[in-house]
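Lettering of chains follows the sequences in order, A, B, ..., and the numbering in each one begins at 1.
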2 protein chains.
Amino acid sequence: MQQVTRQDVARLAGTSPAVVSYVLNNGPRPVAPSTRIRVQDAIETLGYRPNQLARALRSQRSNTIGLVVPDSSEAFFTELVHAVEQAAFAAGSLVLLGNSRFDRRQELRYLESLASMQVSGILLVRSESGESETEGRDLADLGVPAVYLNHRAPRDSGATSVLLANHRGGSTLTEHLIAHGHRRIGCLTGTAPSGPVFDRAEGWAAAMRAAALDPSFVLRTGLDRHSTREQVKAWLQGPEPPDAIVATADGLALDALSAAQEIGLRVPGDLAVVGFGGTGPSAHSWPPLTTIGHPFADFGRLALETLTSVQKQAQSVPDHVLDVDLIVRRSCGC
Amino acid sequence: MQQVTRQDVARLAGTSPAVVSYVLNNGPRPVAPSTRIRVQDAIETLGYRPNQLARALRSQRSNTIGLVVPDSSEAFFTELVHAVEQAAFAAGSLVLLGNSRFDRRQELRYLESLASMQVSGILLVRSESGESETEGRDLADLGVPAVYLNHRAPRDSGATSVLLANHRGGSTLTEHLIAHGHRRIGCLTGTAPSGPVFDRAEGWAAAMRAAALDPSFVLRTGLDRHSTREQVKAWLQGPEPPDAIVATADGLALDALSAAQEIGLRVPGDLAVVGFGGTGPSAHSWPPLTTIGHPFADFGRLALETLTSVQKQAQSVPDHVLDVDLIVRRSCGC
DNA sequence: ATGAAAGCGCTAACAT
DNA sequence: ATGTTAGCGCTTTCAT
């Protein structure tokens, strides 16, 4: 099954290969209407489809961007990926997705693969673990414009990032619970020493301090869901149980919710629980989760715009921080 | 920021560009050990990364396969995508993912994009809706080896598919509930007139008939989660409520679960609920869901192997059906 | 064992 | 308005 080339089209249309290009690209030079029609007919009858590899090789632009995330099956990343895809599609670009599986080596492998596929830019959501090691240099080495997503760019890298207002979100949630009359507001979080989840916890702590409440009332859990639930149960049945929980991610909140229900606690009656993320599952729990929603569509658009600026300008592009908003549902007691 | 080319490496290593290729590809011709080392050093110091576009253009193989699914954020597809990625990665291939969003036009657009990017093969999970329209021809037209996943290939297409034993799974679930003593076993399903979900419902019906139970005790719901729950509630509170529900997908089962709980029913005490899929969320509901698990890893591997056979052999490759297994948890009453 | 050279299918500058 | 031609960076067949 031979590939149909531009030559074949030209032959059938009785013209030169160049003209076929001009028709396909609407330029860079004009084509007589009659010729254009002959060419279009030839394309149609032959079922000609331009070889994008050749096109990209020649023109040095692939109209393809790379997106690397830790795990696109986690709700947050799922939505993020979708948003980027939509924005890219609208801009006529294709997205190549890579899952780093929270593994630095895998991440690097993908970055190199993408770079060698000549993507025109890379969007990277770094995994949160292994923060301060072989930082920054990686993206710069690639020789491809890149933007960090959901994570501050490494200090010395000069790279740009697009972020969400995590700190502000953490405070907002906490203030909402305080307004509900809660005082023993615990923070349920992972163990990351920095990054978005850390910022959320910081936001909680800031709001606690501002209300003269205890900013060290924290439960740090592992990554495994089963042990998380056991830890939460122990906390709730311990000597000083919280009367409200701010979880730094929806998944964590959902785990806390079911853990509480397993030991007979009513939510929000006995315990208020709020999450962070606003992705699908949070709306379908019982009770539905009060949480912080992310403007994913804006995020995707902004990520692409920022990448475009980075591509054009040699000098550094400023970071962007997108605002987040409180989604009030039932689990807070509203 | 100039791209480092094979020329540059050759110059630095004091050899010809061809030799650089021989080193990179371990062939097709031998290279003297000393030369090889000089070349590798040059590659290292220059940070040379072969241009995959040029390589693919020249060698007519891209080592890249396309995967099109309706929505990679749905748990089932998420796992499927992951499995394919793993299998592809193991085989040294890259996966280009496209989400058709259950839209036939979008699906076609992706298929054409992928074909024109010269992928070496395409794996397609068709959306279930709009079954019998412009069938089959699409994949054949592309001139790219392709395999249908999770869906029988259109009758006249001669294309190969890799499937799961959906019918068998539906029966297995139903037989399990019958063994629990249930008789009023309802089937909760979508509206698809064929495809995997339809096969599951058929499996349920077959098991019902085999036990001389009513094989028309079905609730068909829309796609929207809210209305699904309302319909389920109405069913459970109606004149002839089921005492067990076989849902044709985990998501549906989860909705039924929370709908039942909202109206005060205890699961599995008052009502047994079983799902189909065995993806993450089904394990983390309360009670955890008894369901049909899919051998995703095998599925991914088999999909890739099948694609490879299709690539080599001109004649038709037979379909594959993978077995599924019952995952017994709590929601059935076990 | 290695160098030179011919393309892969395309774009875009050079021609007319 | 259109034809001719020189590459993009690579693989691979000719040469030697």
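- Of the residues near DNA chain C, Thr15(B) and Ala18(A), the one whose nearest nucleotide (by heavy atom distance) lies more toward the 5' end is Thr15(B).
- We find that CE of Met117(B) is positioned 17 Å from P of dG9(C), with the value rounded to whole Å.
- In summary, Glu112(A) and Arg109(A) do not engage in a salt bridge, as defined by a charged side-chain N under 4.0 Å from a carboxylate O.
- We find that Asp298(B) and Arg301(B) are joined by a salt bridge, their nearest charged nitrogen and carboxylate oxygen being less than 4.0 Å apart.
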Kindly list each side-chain donor-acceptor pair under 3.5 angstrom involving residues 26-35 of chain B, sequence neighbours excluded, with atom names and distances?
residue  : atom : partner  : partner atom : Å
Asn26(B) : OD1  : Arg36(B) : NH2          : 3.3
Arg29(B) : NH2  : Tyr22(B) : OH           : 3.1

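- The salt bridge (charged side-chain N to carboxylate O under 4.0 Å, His left out) check on Asp319(A) picks up nothing, with sequence neighbours excluded.
- Atoms CD (Gln118(A)) and P (dC8(D)) sit 14 Å apart, rounded to a whole Å.
- Across the protein-nucleic acid pair, Arg11(A) atom CZ and dG3(D) atom C1' stand 15 Å apart, rounded to whole Å.
- Within the nucleic acid shown, Thr5(B) comes within 4.0 Å of sugar-phosphate atoms alone, with no base atom in reach, counting heavy atoms only.
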Without placing hydrogens or testing angles, list every side-chain donor-acceptor pair under 3.5 Å for residues 47-54 of chain A, not counting sequence neighbours.
residue  : atom : partner  : partner atom : Å
Asn51(A) : OD1  : Leu53(A) : N            : 2.8
Asn51(A) : OD1  : Ala54(A) : N            : 3.1
Gln52(A) : OE1  : Arg55(A) : NE           : 3.3

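- Contact check on Arg11(A) versus Asp8(A) returns a salt bridge, with a Lys/Arg side-chain nitrogen under 4.0 Å from an Asp/Glu carboxylate oxygen.
- Looking at residues 43-61 of chain A, you'll see Leu57(A), Arg58(A), Gln60(A) sit with a heavy atom under 4.0 Å from some atom of DNA chain D.
- In this structure, Leu24(A) atom CG and dA12(C) atom C1' are separated by 14 Å, rounded to whole Å.
- A straight line from CD of Gln7(A) to P of dG3(D) spans 12 Å, rounded to a whole angstrom.
- The separation between Arg36(B) atom CZ and dA1(C) atom C1' is 12 Å, rounded to whole Å.
- The side-chain hydrogen bond (donor to acceptor under 3.5 Å, both in side chains) contacts involving residues 79-92 of chain A comprise His82(A)-Arg101(B), Glu85(A)-Asn99(B), where partners must be two or more places apart or lie in separate chains.
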Under-3.5 Å N/O pairs linking protein and nucleotides 14-16 of chain D:
residue : atom : partner  : partner atom : Å
dC14(D) : N4   : Arg29(B) : NH1          : 2.1

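- In this structure a side-chain-to-backbone donor-acceptor pair under 3.5 Å is present from Thr306(A) to Leu302(A).
- Relative orientation of the His294(A) and Phe76(A) rings is perpendicular, given thresholds of 30° and 60° on the angle between their planes.
- Ala32(A) comes within 4.0 angstrom of sugar-phosphate atoms only, judged by non-hydrogen atoms across all strands, and of no base.
- dG3(C) atom C1' lies 14 Å from atom CZ of Arg38(B), rounded to whole Å.
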